[in-house]
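Just below is one structure, and these are the notes that go with it.
Just so you know, residue 1 is the first one in the sequence shown, and it goes up from there.
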Amino acid sequence: MQDKKILEGICCEVENCVHNNGNCCCTAQEIKVKNRMAVLGEETMCETFEEV
């Protein structure tokens, strides 16, 4: 998985996402974050997440 291009500046700790290259780097072409009512970062959700 580490040969895929990563999104610079995007760190991801979700280990069971197909876009995580194993080094906390996202390999999705783009990401979408949802929850417009979020006040804290942990209240946001990555809409690009795909389970391994």
Side-chain angles (χ1 to χ4, degrees):
M1 258 194 269
Q2 293 189 13
D3 58 338
K4 291 184 179 180
K5 183 176 170 130
I6 63 168
L7 287 175
E8 292 293 328
I10 304 297
C11 299
C12 179
E13 296 178 3
V14 180
E15 295 177 1
N16 65 330
C17 181
V18 298
H19 302 296
N20 187 323
N21 74 348
N23 291 320
C24 294
C25 297
C26 183
T27 61
Q29 288 187 347
E30 65 181 10
I31 62 168
K32 294 183 182 178
V33 180
K34 61 182 181 177
N35 191 1
R36 293 181 189 192
M37 303 303 290
V39 176
L40 303 172
E42 54 267 9
E43 295 174 333
T44 60
M45 296 167 276
C46 181
E47 201 170 83
T48 311
F49 170 80
E50 290 181 49
E51 191 169 3
V52 176

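Rounding to the nearest 0.5 Å places SG of Cys26 at 9.5 Å from CD1 of Ile6. One finds the CG atom of Asn21 at 13.5 Å from the NZ atom of Lys5 (value rounded to the nearest 0.5 Å). How far SG of Cys11 is from CG of Asn20: 10.0 Å, rounded to the nearest 0.5 Å. In this structure, His19 NE2 and Cys12 SG are separated by 9.5 Å, a value rounded to the nearest 0.5 Å.
Here Glu47 pairs with nothing under the side chain to side chain donor-acceptor pair (under 3.5 Å) rule; sequence neighbours left out.
In the hydrophobic clustering, Leu7 connects to Ile10, Ile31, Val33, either directly or through intervening members, whenever side-chain heavy atoms lie under 4.5 Å apart. Side-chain heavy-atom separations under 4.5 angstrom define the hydrophobic clusters, and the remaining members of the one that includes Val14 are Phe49.
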For a quick test of your reading: what N or O donor-acceptor pairs under 3.5 Å do the side chains of residues 38-45 make, sequence neighbours left out?
residue, atom, partner, partner atom, Å
Glu43, OE1, Val39, N, 2.6
Glu43, OE1, Leu40, N, 2.9
Thr44, OG1, Gly41, O, 2.6

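Listed by first and then second residue, the side-chain hydrogen bond (donor to acceptor under 3.5 Å, both in side chains) pairs that reach into residues 28-39 come to none, sequence neighbours excluded.
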